[in-house]
Amino acid sequence: MKFFLDTADVDEIRQWNETGLLDGVTTNPSLILKSGRDIKEVLKEICDLVDGDVSGEVAATDYDTMLSEGRALAGIASNICIKLPITMDGVRACKTLVDEGFKTNMTLCFSAPQALLVAKAGATYVSPFIGRLDDSGIDGMELIEEVRAIYDNYDFDTKILAASIRSLNHVKDCAIAGADVATLPPSTIEKLVKHPLTDAGLAAFLADWEKTGQKI
Ligand code: G3P
């Protein structure tokens, strides 16, 4: 499973990129607002840092403007992935942009039929929002499992990009369910390495090592 960072904070992206473990970045209008940056400038900076796909979201809701905004975003860098909402205009724009050779990420996916539709439109990624489904009382992970089964039944190339991830259990369950990508906020990705027994075990090893008086 690939790890994308769900942020438009360039400092966070730079820090995680240095680990060599970052496979891409996703942004959305709320994250652009949080960054306080101009969308084109910040996406350019992110694309220069990260080799993998970087999602930038259109703001338009009608087909024609979605196309022009999508093409403008794609003009920023070759690793831009045009993010579009799953609406009728969005799905139609996805098909057109994919036919033109662009990568697309179909966002705000809350049902398996939506995921089926965007796969038929040739989307590069579909983004099911796990946490927001959980918030509404529906098990978000079931959606990942359903979409995995549907895509495998028909050999769709669309990648499942699990989004709205809030916990380590989400990350683990996505990997078990076979999501292709999990996009993680910095607050979640930093928890991946942590376990109290690792810290306690390391402290004990270091204390014993000190007592040996050795050096390597
Ligand atoms: O990029 C979209 C997504 O990950 C949003 O997450 O926590 O706002 O539901 P959240």
Side-chain angles (χ1 to χ4, degrees), residues 1-13 16-17 21-37 39-40 42-43 45-47 49-50 52-61 66 69-70 73-74 76 79-87 90-91 93-94 103-112 114-115 118 123-144 147-148 158-175 177 179-192:
M1 185 167 73
K2 290 188 174 181
F3 285 143
F4 286 8
L5 206 56
D6 199 24
T7 185
D9 182 325
V10 176
D11 290 334
E12 298 270 18
I13 293 166
W16 284 101
N17 200 40
L21 299 173
L22 195 61
D23 300 303
V25 172
T26 50
T27 68
N28 62 36
S30 304
L31 293 171
I32 296 294
L33 173 69
K34 197 172 162 197
S35 75
R37 302 276 312 271
I39 182 168
K40 289 184 185 160
V42 77
L43 284 174
E45 219 172 303
I46 297 169
C47 288
L49 274 176
V50 177
D53 289 340
V54 175
S55 289
E57 188 160 340
V58 301
T61 54
M66 279 174 159
E69 287 187 3
L73 290 175
I76 294 171
N79 53 337
I80 282 281
C81 187
I82 305 162
K83 205 171 181 188
L84 302 146
I86 304 179
T87 59
V91 174
C94 169
K103 286 183 272 196
T104 56
N105 175 0
M106 298 307 289
T107 192
L108 293 165
C109 176
F110 292 97
S111 78
Q114 288 181 317
V118 303
T124 316
Y125 298 100
V126 64
S127 289
F129 275 35
I130 301 170
R132 292 192 196 185
L133 272 174
D134 285 356
D135 291 347
S136 74
I138 296 166
D139 183 0
M141 207 51 61
E142 270 179 26
L143 177 58
I144 301 291
V147 179
R148 181 73 282 153
T158 303
K159 304 282 181 227
I160 302 172
L161 195 170
S164 187
I165 286 185
R166 309 267 175 81
S167 68
L168 289 182
N169 276 345
H170 278 159
V171 179
K172 178 190 72 173
D173 292 340
C174 278
D180 298 288
V181 184
T183 189
L184 311 176
S187 57
T188 303
I189 204 169
E190 69 192 21
K191 286 185 193 142
L192 289 177

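All values below were derived from every heavy atom in this structure, side-chain atoms included, with hydrogens, water molecules and symmetry-related copies excluded. When a ligand or atom number is given, it counts from 1 through the structure's own listing order.
Remark: ligand 1 and Asn28 share an N or O pair separated by less than 3.5 Å (distance only, no angle test).
The closest protein non-hydrogen atom to atom 6 (O) of ligand 1 is Ser164 CA, 3.3 Å. Nearest to atom 4 (O) of ligand 1 among the protein's heavy atoms is Asp6 OD2, 2.5 Å. In this structure, atom 8 (O) of ligand 1 lies nearest to the protein heavy atom Arg132 NH2, 2.8 Å. Protein heavy atom in closest approach to atom 7 (O) of ligand 1: Arg166 NE, 3.1 Å.
The CD1 atom of Ile189 sits 5.0 Å away from atom CH2 of Trp16, with the distance rounded to the nearest 0.5 Å. Of the inter-residue distances, the one linking Lys83 atom NZ with Asn28 atom CG reads 5.0 Å to the nearest 0.5 angstrom.
The ligand atoms of ligand 1 that sit less than 4.0 angstrom from a heavy atom of Ala163 are 4 (O). Of all atoms in ligand 1, listed by their number and element, those nearer than 4.0 Å to a heavy atom of Lys83 are 1 (O).
The side-chain heavy atoms of Arg166 and Asp135, taken from C-beta on, include a pair separated by under 4.5 Å. Two residues are said to be in side-chain contact when any heavy atoms from C-beta on lie closer than 4.5 Å; Phe4 and Leu161 meet this criterion.
Ion pairing of Asp53 with Lys103 is present here, as a side-chain N (NZ or NE/NH1/NH2) and a carboxylate O approach within less than 4.0 Å.
A side-chain donor from one of Thr183 and Thr26 sits under 3.5 Å from a side-chain acceptor of the other.
With a 4.0 Å cut-off on non-hydrogen atoms, Glu57 does not touch ligand 1 at all.
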